Amino acid sequence: DAKTTQPPSMDCAEGRAANLPCNHSTISGNEYVYWYRQIHSQGPQYIIHGLKNNETNEMASLIITEDRKSSTLILPHATLRDTAVYYCIVRGVGTYKYIFGTGTRLKVLA
Amino acid sequence: GAVVSQHPSWVICKSGTSVKIECRSLDFQATTMFWYRQFPKQSLMLMATSNEGSKATYEQGVEKDKFLINHASLTLSTLTVTSAHPEDSSFYICSARALLSPTEREQFFGPGTRLTVL
């Protein structure tokens, strides 16, 4: 399973875009990149996922580099409620297991 | 959207007792469920993969006789912590894999169960 590397923490001003990077240099061609977030003492919440192309939904945008070795999750207008730990996960081929890394603790500042 | 529930949401028990945690997919069938454990300020650690009607597959270092997993139906998996000790105190989270294509979201997480062993 490909491993992911994320910065341990980031701060973002409320109303600004939050850009969370993730490195997954060992990703295979058919492995998906998933992003989840976890607010304290709750189960992880799905945000977005993608394979090659950039993706956008009502929560966020996902930018995957052409070589697929890294990706960036963009929260376009961060709010205080977006304060959470964000996990970038590469889904194992055939097993569907999620191996969580250490994640990025995002703090949105008023 | 698909919902996964866990029961109980929190439990306190005495050392040496066994505790059962239920994970249910409320509006979809889940052929595969996953169990995670999370200690304070740490990431989620996958404990085991549970497939309906077959034995669970445990991750390396997880004691299968300590953490009994049963997945008897397509909507219910249970995790039993046997002879619990204080070091088993943790946040236990399950997820359920829905039968969707790879381009759609596949796993749905429960809200977690907080176990405290006294």
Side-chain angles (χ1 to χ4, degrees), chain A residues 1-9 22 27-60 62 64 84-107, chain B residues 1-7 9-10 21 23-26 30-52 56-60 62 90-116:
Chain A
D1 296 331
K3 290 188 176 180
T4 61
T5 304
Q6 298 176 253
S9 64
C22 178
I27 193 170
S28 300
N30 55 353
E31 290 181 314
Y32 282 77
V33 179
Y34 286 79
W35 283 83
Y36 282 79
R37 71 181 182 185
Q38 186 180 29
I39 297 170
H40 183 62
S41 294
Q42 296 182 26
Q45 176 190 19
Y46 168 82
I47 301 173
I48 200 167
H49 76 282
L51 180 64
K52 295 181 182 179
N53 301 319
N54 298 337
E55 302 287 346
T56 296
N57 62 20
E58 64 278 4
M59 287 184 69
L62 173 61
I64 303 174
V85 178
Y86 287 75
Y87 294 100
C88 166
I89 302 163
V90 173
R91 178 173 70 74
V93 177
T95 67
Y96 301 98
K97 293 194 301 186
Y98 287 172
I99 304 300
F100 283 78
T102 53
T104 295
R105 188 172 298 274
L106 175 69
K107 182 184 289 187
Chain B
V3 177
V4 174
S5 69
Q6 286 185 236
H7 178 79
S9 54
W10 60 269
I21 301 170
C23 176
R24 291 181 185 273
S25 56
L26 297 185
T31 57
T32 306
M33 290 184 173
F34 302 87
W35 287 95
Y36 298 83
R37 180 168 55 177
Q38 185 176 33
F39 293 109
K41 297 191 184 299
Q42 294 187 23
S43 184
L44 284 77
M45 186 196 78
L46 179 66
M47 299 175 67
T49 302
S50 165
N51 290 298
E52 185 264 338
T57 302
Y58 292 82
E59 295 298 305
Q60 192 171 12
V62 178
S90 189
F91 193 50
Y92 292 88
I93 305 168
C94 73
S95 71
R97 177 181 165 238
L99 292 173
L100 300 171
S101 73
T103 57
E104 299 180 54
R105 179 179 154 199
E106 293 176 343
Q107 285 192 36
F108 302 86
F109 283 83
T113 295
R114 173 81 53 195
L115 170 63
T116 302

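Lettering of chains follows the sequences in order, A, B, ..., and the numbering in each one begins at 1. Fair warning: this is a prediction, and the values are worked out from it, not measured in the lab.
Only the side chain of A/Tyr36 comes within less than 4.5 Å of a heavy atom of chain B; its backbone N, CA, C and O stay farther away. With a 4.5 angstrom heavy-atom cutoff, B/Leu44 touches chain A via backbone and side-chain atoms both. Looking at A/Gln45, neither its backbone nor its side chain comes within 4.5 Å of chain B, counting heavy atoms on both sides. In this structure, chain A has a heavy atom under 4.5 Å from the backbone of B/Gln42, while its side chain stays farther away.
Highest contact tally toward chain A, considering only B/Gln6, B/Gln38, B/Met45, is held by B/Gln38 [criterion: heavy-atom pairs under 4.5 Å]. Between chain B and the options A/Ser41, A/Gly101, A/Gly103, heavy-atom pairs under 4.5 Å are most frequent for A/Ser41.
If you look at A/Tyr46 and B/Phe108, their ring centroids are not closer than 6.0 Å. In summary, the aromatic rings of B/Phe34 and A/Tyr96 are positioned with their centroids too far apart to meet the 6.0 Å limit.
Partner of A/Arg37 under the side-chain contact (heavy atoms from CB on, under 4.5 Å) criterion, out of A/Ile47, A/Thr104, A/Leu106: A/Ile47 alone.
Looking at B/Glu52 and B/Thr31, their side chains never bring a donor and an acceptor atom within 3.5 Å of each other.
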Pair B/Arg114-B/Ser9, side chain to side chain donor-acceptor pair (under 3.5 Å): steps then yes or no: CA-CA 6 Å; B/Arg114 173 81 53 195; B/Ser9 54; over 6 Å; no
